[in-house]
Amino acid sequence: MKRVITYGTFDLLHYGHINLLKRAKEYGDYLIVALSTDEFNKEKGKTSYFKYDKRKALVEAIRYVDLVIPEESWDQKVSDIKKYQIDTFVIGDDWKGKFDYLKEDGIQVIYLPRTPEISTSKIKKDLEDSNQKKI
Ligand code: C2G
């Protein structure tokens with residue numbers, strides 16, 4: 001069984017996230033999502049609209065996802081790879097090169113092109129702008 005892992009906040013779940021997870025699953029048979037906790041989001045400089053439990057329920061409902069675990073720190077990836085016997089690490093190419101060190105553990109590291117024109121921050125901004133126009 002080929003096991004894949006990816007990491008992220010996945011707030012305000014949108015088709016860019018789904019595209020990433022769909023393509024990540026194509027690298028194996030079992031996909032683990034390490035979902036950033038609310039505390040770790042603070043370290044990432046992010047505050048999510050949905051709290052961890054809601055984001056976890058949403059990601060667990062996605063057909064491509066087999067397991068959701070908490071992402072609590074930047075440096076848990078090496079231990080996750082060992083603990084879950086990961087073959088392939090996948091993430092969007094906004095992170096290109098940042099996780100190449102994982103190759104030293106003998107795994108494949110894949111950076112997938114992001115889905116253009118959609119992001120959680122864009123959604124938030126567009127909603128703000130449309131509310132402003134209504135005032
Ligand atoms: N993504 C994408 N296309 C978009 C938006 C996001 O492919 N339009 C991808 C990102 O590249 C990432 C995943 O969807 O692989 C989740 O996105 P975020 O929640 O923004 O993840 P991020 O905050 O970058 O967390 O340790 C790694 C970090 O936790 C990654």
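Hydrogens, waters and symmetry mates are skipped; everything else that's a heavy atom, side chains included, is used. For this chain, numbers begin at 1 and follow the sequence in order. Numbering of ligands and ligand atoms starts at 1, following listing order.
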Only heavy atoms of H14, strictly under 4.0 Å: list the atoms of ligand 1 that pass.
5 (C)

Reference residue T9; test side chain to side chain donor-acceptor pair (under 3.5 Å); the match among N41, T47, T120
N41

Where at least one partner belongs to residues 33-73, residue pairs that pass ring-ring contact (aromatic ring centres under 6.0 Å, His included), sequence neighbours excluded:
F40-W74

Flag the pair K77 and E71 as a salt bridge only when some basic side-chain nitrogen lies within less than 4.0 angstrom of an acidic carboxylate oxygen.
yes

Listed by chain and number, what are the ring-ring contact (aromatic ring centres under 6.0 Å, His included) partners of Y7, not counting sequence neighbours?
F89

Ligand-side contact atoms (ligand 1) for residue partner G92, heavy atom cut-off under 4.0 Å:
11 (O), 15 (O)

Here the atoms of ligand 1 under 4.0 Å from any heavy atom belonging to K77 are 26 (O), 27 (C)

Candidates W74, F10, W95, Y15; heavy atom nearest atom 19 (O) of ligand 1 found on F10

Under 4.0 Å from a heavy atom of G8: give me the atoms of ligand 1 that qualify, with their elements.
19 (O), 21 (O), 25 (O), 29 (O), 30 (C)

Quick one: which ligand 1 atoms are inside 4.0 Å of a heavy atom on G16?
2 (C), 3 (N), 7 (O)

Just let me know how D94 lines up against ligand 1, side chain, backbone, both or neither, with a heavy-atom cut-off below 4.0 Å.
side chain

For ligand 1, the portion of I118 having any non-hydrogen atom under 4.0 Å away
both

Ligand-residue contact atoms, ligand 1 with K46, heavy atoms, under 4.0 Å
18 (P), 19 (O), 20 (O), 22 (P), 23 (O)

Enumerated ligand 1 atoms positioned under 4.0 Å from heavy atoms of S36:
29 (O)

Looking at ligand 1, does any of its N/O atoms fall within less than 3.5 Å of an N/O of K44?
yes

Determine, using heavy atoms of S119 and all atoms of ligand 1, whether some pair is separated by less than 4.0 Å.
no

